[in-house]
Number of protein chains: 2
Amino acid sequence: MILKSQVEWALHCCAILAGLPEGRYLSTKALAEFHGLPKEYLSKALQSLSQAGLVHTTLGPSGGYRLAKAPAELTFLEIVEAVEGRTRTFVCTNIRANNPCRAPGYCDETPCAVARIMWEADEAWRDKLRSVRLSDLVEILAKEIPSDLWKRSFQWVLERAG
Amino acid sequence: MILKSQVEWALHCCAILAGLPEGRYLSTKALAEFHGLPKEYLSKALQSLSQAGLVHTTLGPSGGYRLAKAPAELTFLEIVEAVEGRTRTFVCTNIRANNPCRAPGYCDETPCAVARIMWEADEAWRDKLRSVRLSDLVEILAKEIPSDLWKRSFQWVLERAG
DNA sequence: AGAAATAGGGATATTTTTTGTCCTTAATAG
DNA sequence: CTATTAAGGACAAAAAATATCCCTATTTCT
């Protein structure tokens, strides 16, 4: 069970978009080139962000993506779920229903105990992701990325932002 | 990203094995029949439990599986990891290394910040699973499964345990 | 000794998911 | 009018999940 690589891509892209000046847009092409990713496929991840309402888009030359809200209002969970979906990581197929000792028409009232426990763990994972904001990531990056690289990257993005 | 169905199977099988009297064994055949699962494939999940040292096995008629330790000493995490593996759910492909602004030979000192955050969430998931023991599950099941069904199931298993 | 049942594990097949490419359409900027 | 963009559908390739089949060594029972 491994998350799609698109999750990683989306998070890094959002980090870049977080640094974009107000009202400007960055294209799939620029984001793909910056991260060394296949443009067409990255596009699917960005479309997921768009459909989830996390980013705004514009068409035409100088078009592209920008965040739909402030980095402090955008959580990791929102980004992860936009790409990966909201279905729980544990799926209960209710195999207890196959127990040969059960009465034929017997119907369960509560979800399976195994599933409930697994879902609690799933929730713990989501709680953690919900507690981290995009702005937290940007703060960390600003601290640990060498300032010259940080500046050059910022400049690189600005030159390509519509 | 969804866990293998074998995880569900392994958890349910361990719950059954937890009720097995000291020194007795239950076969793949019985476990598969009880849960309505494909015997050959379930066998792979049980082999994973065996390789992880969570269960003991014996060969021959009356052979099968029993827990290698008390249900109170066996955590959900151990079972899940035995089947699903111990690799983290988020894999970092270090796409920051593709940044065109980086100096050619530049080498990162710390893991990517995005990965660190995702791994923390992964740890939260594992922490939760580690906090639940197989005996906790058995307690819950004992409470919510109708007592006649519980007894019949126990009997069913006993009749097939070697 | 022989027959039957078992776990272990290798080989293979099928299905689903992930990853990726290609192309068309509508919108936008210059 | 042209170039560029996002959106999205169709399709292809690769990887992973889900099986199935078969052989071997071991154990139990007769």
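Note that the coordinates shown come from a computational prediction; the quantities given were computed from them, not determined experimentally. The figures that follow rest on heavy atoms only: side chains count, while hydrogens, waters and symmetry mates do not.
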From CG of B:Leu26 across to P of C:dA5 the rounded distance in Å is 16 Å
Reckon A:Gly64 touches a base, only the sugar-phosphate, or nothing at all at heavy-atom distances under 4.0 Å? sugar-phosphate
When rounded to whole Å, the CD to C1' distance for the pair A:Glu84 and C:dT19 reads 13 Å
Has A:Gln6 got a side-chain N or O lying under 4.0 Å from the OP1 or OP2 atom of C:dG20? no
B:Ser5 side-chain N/O to D:dT18 phosphate OP1/OP2 under 4.0 Å
yes
Side-chain N or O of A:Gln51 less than 4.0 angstrom from OP1 or OP2 on D:dG8?
-> yes
Rounded to whole Å, CG of A:Leu46 lies from P of D:dT5 at a distance of 13 Å
Would B:Ser43 and B:Gln47 count as having a side-chain donor-acceptor pair, cut-off 3.5 Å? yes
In whole angstroms, the gap separating P of D:dA17 from CE of B:Met1 amounts to 12 Å
State plainly whether the residues A:Arg86 and A:Glu81 are in salt-bridge range, i.e. N to O under 4.0 Å.
yes
Whole-Å distance, A:Gln47 CD to C:dT25 C1', equals 13 Å
To the nearest angstrom, the CH2-P distance between A:Trp9 and C:dT18 comes to 13 Å
Of the listed D:dG8, D:dA6, D:dA17, the closest approach to the A:Ser27 side chain comes from D:dA6
Rounded to whole Å, the NZ-C1' distance (A:Lys29 to D:dA3) equals 11 Å
### Query
Does a side chain donor of either B:Asn98 or B:Arg96 reach within less than 3.5 Å of an acceptor in the other side chain?
no
Ion pair present between A:Glu123 and A:Arg130, side-chain N to carboxylate O less than 4.0 angstrom? yes
Between A:Glu78 and A:Lys69, is there a side-chain N and carboxylate O pair less than 4.0 Å apart? yes
Once you apply a heavy-atom cut-off of 4.0 Å, does B:Ser50 come out as touching a base, just sugar-phosphate, or nothing?
sugar-phosphate
Q: May I ask you to evaluate whether B:Thr57 reaches the phosphate of C:dT6, defined as a side-chain N or O under 4.0 Å from OP1 or OP2?
A: no
Item to complete: Walk me through it: do B:Ser48 and B:Gln6 pass the test side-chain hydrogen bond (donor to acceptor under 3.5 Å, both in side chains)?
Response: CA-CA 10 Å; B:Ser48 296; B:Gln6 286 192 339; 5.1 Å; no
From CD1 of A:Ile2 across to P of D:dA14 the rounded distance in Å is 19 Å
| Is any NZ, NE, NH1 or NH2 atom of the basic residue among B:Arg102 and A:Asp148 found under 4.0 Å from an Asp or Glu carboxylate oxygen of the other? | no
Expected string for nucleotides 20-30 of chain D under the B/S/- scheme (protein heavy atoms, under 4.0 Å, primed atoms plus P, OP1, OP2 as sugar-phosphate) is BBB---BBB--
Does C:dA27 have OP1 or OP2 sitting under 4.0 Å from an N or O in the side chain of A:Tyr25? no
Q: Give a yes/no on whether any side-chain N or O of A:Thr28 is located under 4.0 angstrom from OP1 or OP2 of D:dA6.
A: yes
